[in-house]
Each structure stands twice: as C-alpha cells, then as structure tokens.
Amino acid sequence: MSDHFHKHDQDTVLIKERSEQEIAGLTKRVEKLEKFLIQKGIVSKDLLESVANIYENDLGPLNGAKVIARAWCDPSYKKRLLDDATKAIKEMGFGGLQGEHMVVLENTPIIHNVVVCSLCSCYPWPVLGLPPGWYKDPAYRSRIVIHPRDVLKEFGLNLCDSVEVRVWDSSAEVRYLVLPERPLKTEKFCEEDLVKLVTREAMIGVAKAKDPFFSET
Amino acid sequence: MNSIHDMGGLTCFGQVKYDEDEPVFHHEWEQKVLAITVATSSLFGPLDKRRHVLEKIGSIDYLKSSYYERWLIRLELSLNELTAINQYQSTESEYESIDFKELEHAIYNGRPSDRTEGRQTPIFSVGDRIRTKNINPSGHTRLARYVRGRCGFIDRVHGTHSFPDTAAHGEGENPQPLYSVRFTAKELWGAEKYPTDNLYIDLWEDYLEPLDV
C-alpha cells in the first residue's frame with residue numbers, strides 16, 4: 001500500500017466518468033442539434049441512423065485483420081500491399097473516408113512500428129473502424145512520440161534494446177497500418193484462423209499479433 | 001496556433017488507460033455526434049478548417065472534454081457560424097440537404113487530399129537532409145511544435161497534397177509535395193539511450209528547408 005495521504009493524479013481530471021446528470025445534459029444538447037438539422041431538412045433521422053450503423057457495424061478492425069492475414073498467406077499480395085497499400089486494400093473491398101492514402105508498415109524481428117496522431121486522432125477508419133478511447137487520450141498522443149518504449153511496456157510489450165522503434169505520427173491525410181509479424185508455428189493455419197490472431201492493437205503497433213499457443217494458466 | 005492540441009512530447013498526462021473491451025460508443029449521444037459530424041461535414045468547409053475549430057476550443061475545456069464532447073462543441077460552433085451567415089437569407093431553401101447516396105459514396109470512396117494541380121515536382125528526394133522551419137503561425141498548421149527547427153531525412157515522397165495552413169483559412173489549397181520525414185529520437189529528445197529509434201512525421205514542402213546548402 002502507498003503511504004501517501006493523497007494522490008495528486010492529473011489524469012483523473014482528464015478521464016473522469018460522467019455523472020447521470022452530465023450525460024443527460026450532453027444528450028439534450030445533441031437532441032437540440034439533431035432536431036434543428038432535421039427541421040431544416042438538412043438530414044433525416046433515417047440518414048443519421050444509416051451513418052451510425054455503418055460505423056458501428058460495417059467498419060471495424062476485422063477488415064484490417066483480413067488484409068493482414070492475406071498478406072501473411074500470399075507473398076504477392078504482401079508485396080502489393082507494401083508497394084501501394086491503398087490499391088491493395090481496395091482489392092479486398094475496403095476504402096473510403098480516412099483511408100484515402102494508406103501506407104502499410106512491416107514489423108520484423110528487428111523493427112517495430114507504432115502509429116499515433118499527436119495533433120488530433122487521425123486513424124484509418126476503413127480498416128480499423130473508429131479509434132479506441134486510449135488512442136484519442138492525451139496520455140497516448142503526447143507520450144508515445146517521446147517515450148515509446150515505456151508506453152509499449154504499459155501495453156505489455158517489452159522490446160529488446162536492439163529492436164529499432166519507429167513511431168509514425170500521422171499529421172497529414174496519409175494513414176498508417178502496421179503489418180505485425182506472423183506468430184511462430186502457424187504455418188498450418190488457414191487464412192480464416194489467422195484473422196483471429198490479428199488484433200486492433202497489433203495493427204496500431206502497441207501489441208504483437210496473438211500467439212495461439214500462449215496460455216495464461 | 002500553439003495550443004494544447006499540439007501535445008506531442010508532453011509527459012504530464014499519466015499512464016495510458018487501456019480497456020480491452022471498450023465499446024465503440026459509450027453512450028447513445030456519442031453515436032449521434034459521430035453520425036451528425038460525418039453527415040454534415042460537407043456543410044462546414046474543408047477538413048483542415050474543421051480541425052482548426054477543435055484547436056480553438058479553450059485549453060481547459062479541450063482537456064476536460066472527451067473526444068466526442070469536443071466534436072459536439074465543434075458542431076455547435078459550426079452551426080452557430082452557419083446560421084449566423086444564413087440569417088440574412090429569408091428563403092426556406094437556404095440549407096443544403098444531404099443526399100444519402102452521395103454521402104454513402106463518400107464514406108466508401110473517400111475524399112482524397114492529393115491533387116493534380118499545384119507544385120507537382122518535389123524539391124527534395126528520398127535521403128535528402130532537411131531542417132524544418134521554426135514557424136509559429138497564429139492559424140492552423142500541421143507542423144507539430146516538437147519537430148520545429150529540427151534536422152531530419154526525407155523518407156518518402158507522398159505526392160502533391162492540399163496544404164492545410166492555407167486551406168483551413170479559405171486561402172486556397174496551395175497543393176504541394178508532402179513528405180514523410182524521419183527524425184532520430186536523439187535529434188528530437190536528446191535521448192542517447194536508444195540511438196536507433198526514429199520518429200516519422202508527414203510534412204509539407206513549405207515546412208522544410210534544405211540543410212546541405
């Protein structure tokens with residue numbers, strides 16, 4: 001136990017839970033906006049629901065995982081992906097807003113890539129969906145560029161000193177996707193099984209792909 | 001502008017709070033803010049202008065607000081601006097109506113920022129050494145403070161892209177070459193411990209000057 005009387009922790013101010021009352025207030029403000037836009041004929045309720053549905057259900061990290069698994073299985077696809085990621089991702093049927101200019105970065109035993117947007121929270125929506133909370137929080141945006149190894153350690157990823165860390169700050173409209181290393185002893189896995197090993201975190205570069213033989217017990 | 005949004009290199013925000021099972025949206029209002037923002041984006045000018053609206057949120061409010069709370073503030077500010085502009089027009093057809101088919105097409109095909117006009121011939125080549133300018137504009141810029149006045153290497157040439165610093169302010173797209181520039185960790189942070197570590201950031205040609213002349 002800590003023998004400190006009071007912990008002055010700045011991040012509790014930044015990421016505090018909203019009270020019921022605050023949530024009600026936010027909901028009210030959004031409803032006011034929505035009502036105005038519908039009344040003026042700018043959008044319809046159906047249109048807003050359709051857009052929400054696309055981002056909740058159609059675009060997500062499963063798309064990116066399919067791209068990665070294919071690259072692991074198909075050397076010619078991997079080459080196309082590294083040469084022109086936008087085109088190769090389009091081949092799989094994925095593309096669109098926040099994925100207009102894609103670049104894929106290959107992790108190897110000696111190079112580890114990790115992606116951030118320090119200025120806002122740019123993220124490749126067509127292949128990863130909407131960004132998770134931590135990716136948008138000041139803690140990640142500010143610190144991954146200066147202390148990447150410490151931040152990766154907090155995600156449970158300990159890199160050897162000999163590994164080169166490459167941090168990619170997506171400050172323009174180019175969006176980066178990490179091609180993680182294929183887990184060892186998965187030569188007999190089919191593409192479908194490999195997809196399950198590719199997490200969102202692995203494609204951002206704060207984790208490795210799942211090891212199917214790793215057991216926590 | 002030099003504001004809190006440009007936070008690369010600060011170390012005052014504690015550890016990253018990682019929640020493996022985080023839902024896409026925590027509350028229904030967040031989902032609505034996302035939908036309204038995507039649906040109405042064409043009403044409020046280029047992406048650079050919309051990013052600048054977020055940057056102009058006061059620093060205290062910026063930090064106290066969640067991501068979608070900032071987006072909500074942006075929608076309110078943008079609509080205030082739009083309605084103030086439109087109050088001088090009395091007809092009912094003053095607002096553009098969003099067509100779902102067109103919007104859906106944009107969502108799945110994107111709005112690319114590369115351009116066939118403007119400066120098409122890059123001044124720099126891969127491997128060239130550059131120094132970033134030390135500029136402190138009062139408006140929008142994507143030259144993060146932590147890479148200003150630093151020496152780096154051209155790593156990739158991304159083609160010619162719309163320039164945020166002017167596009168955000170209605171001063172034209174000024175299309176120009178965009179580069180991925182590599183800086184060593186030592187150059188940026190003085191860190192000697194990991195001499196092989198590097199940071200890559202995308203920078204427009206107007207942010208750069210040649211080093212070996």
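This one's a predicted model, so the numbers in the text were calculated from it and none came from an experiment. All chains are named by letter (A, B, ...) in the order of the sequence lines, taking the proteins before the strands, and each is independently numbered beginning at 1.
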### Message
So for H5(B), is it side chain, backbone, both, or neither that comes closer than 4.5 Å to the heavy atoms of chain A?
### Response
both

### Query
Where does T199(A) contact chain B at under 4.5 Å (heavy atoms): side chain, backbone, both or neither?
neither

### Query
Which residue out of V38(B), L178(B), I201(B) racks up the most heavy-atom pairs below 4.5 Å with chain A?
I201(B)

### Query
Is it the side chain or the backbone of I98(B) that comes within 4.5 Å of chain A heavy atoms, both, or neither?
both

### Query
Would you find more than 12 non-hydrogen atoms of other residues, nucleotides or ligands less than 6.0 Å from K136(A) atom NZ?
yes

### Task
Over all heavy atoms of both residues, which pair between R51(B) and C122(A) is shortest? Give the atoms and the distance, please.
NH2-SG, 3.4 Å

### Query
Which bit of L10(B) is near chain A, if near means a heavy-atom gap under 4.5 Å: side chain, backbone, both or neither?
both

### Query
Do you know which of H26(B), E20(B), E22(B) has the most heavy-atom pairs under 4.5 Å to chain A?
E22(B)

### Message
Salt bridge or not between D197(B) and R149(A)? Use side-chain N to carboxylate O under 4.0 Å.
### Response
yes

### Which portion of F94(A) sits near chain B, non-hydrogen atoms under 4.5 angstrom
neither

### Query
In terms of heavy-atom pairs under 4.5 Å, which option from W29(B), Y200(B), W204(B), Y62(B) contacts chain A the most?
Y200(B)

### Task
Could you please spell out the steps behind the side chain to side chain contact (heavy atoms under 4.5 Å, CB included) verdict for Y108(B) and L59(A)?
CA-CA 10 Å; Y108(B) 286 106; L59(A) 303 179; 4.1 Å; yes

### Message
Take a 6.0 Å sphere around CD of E28(B) and say whether it holds more than 12 heavy atoms from other residues, nucleotides or ligands.
### Response
no

#### Entry: Contacting region of L159(A) [heavy-atom separation from chain B under 4.5 Å]
neither

### Segment of V103(A) engaging chain B (4.5 angstrom heavy-atom cut-off)
side chain

## Note on the structure
Of L34(B), V24(B), D48(B), the largest count of non-hydrogen pairs under 4.5 angstrom with chain A goes to L34(B)

### Message
Under the ring-ring contact (aromatic ring centres under 6.0 Å, His included) definition, can you give me all pairs with a residue in residues 97-133 of chain A, not counting sequence neighbours?
### Response
Y55(A)-W125(A), H101(A)-H161(B), Y123(A)-Y135(A)

#### Entry: Heavy-atom contact with chain B under 4.5 Å, split by part of L48(A)
both

### Message
Take a 6.0 Å sphere around NZ of K133(B) and say whether it holds more than 12 heavy atoms from other residues, nucleotides or ligands.
### Response
yes

### Message
Which residues in residues 135-147 of chain B have any heavy atom closer than 4.5 Å to a heavy atom of chain A?
### Response
R142(B), A144(B), Y146(B)

### Query
Quick one: what part of I42(A) sits under 4.5 Å from any heavy atom of chain B, side chain, backbone, both or neither?
both

### Task
First locate atom CG of L188(B), then atom CD1 of I146(A), and finally report the distance between them rounded to the nearest 0.5 Å.
9.0 Å

### Message
With a 4.5 angstrom heavy-atom cut-off, is it the side chain or the backbone of P126(A) that approaches chain B, or both, or neither?
### Response
neither

### Message
If only side-chain N and O atoms count, and only distance matters, is there a donor-acceptor pair under 3.5 Å linking D137(A) with Y18(B)?
### Response
no

### Task
Below 4.5 Å from any heavy atom of chain B, which atoms of E164(A) appear? Answer side chain, backbone, both or neither.
both

### chain A contact via S41(B) - which portion, at a heavy-atom distance below 4.5 Å
neither

### Query
Counting heavy-atom pairs under 4.5 Å to chain B, which of R200(A), R166(A), K32(A) comes out on top?
R166(A)

#### Entry: Which portion of T40(B) sits near chain A, non-hydrogen atoms under 4.5 angstrom
side chain

#### Entry: K90(A) versus chain B, the contacting section by heavy-atom distance below 4.5 Å
side chain

### Query
Rounded to the nearest 0.5 Å, how far apart are CG of L54(B) and CG of L119(A)?
12.0 Å

### Message
Need one label for I4(B): side chain, backbone, both or neither, based on atoms under 4.5 Å from any heavy atom in chain A.
### Response
neither

### Message
Please classify the contact between R182(B) and chain A as side chain, backbone, both or neither, with a heavy-atom cut-off of under 4.5 Å.
### Response
neither

### Query
Less than 4.0 Å between a side-chain N and a carboxylate O, is that true for R115(B) and E173(A)?
no

### Message
Salt bridge or not between E100(A) and R111(B)? Use side-chain N to carboxylate O under 4.0 Å.
### Response
no

### Query
Side chain, backbone, both or neither: which part of V151(A) has a non-hydrogen atom closer than 4.5 Å to chain B?
side chain

### Message
So for Q98(A), is it side chain, backbone, both, or neither that comes closer than 4.5 Å to the heavy atoms of chain B?
### Response
side chain

### Task
Measure distances from N53(A) to the heavy atoms of chain B and classify the residue's part below 4.5 Å as side chain, backbone, both or neither.
neither

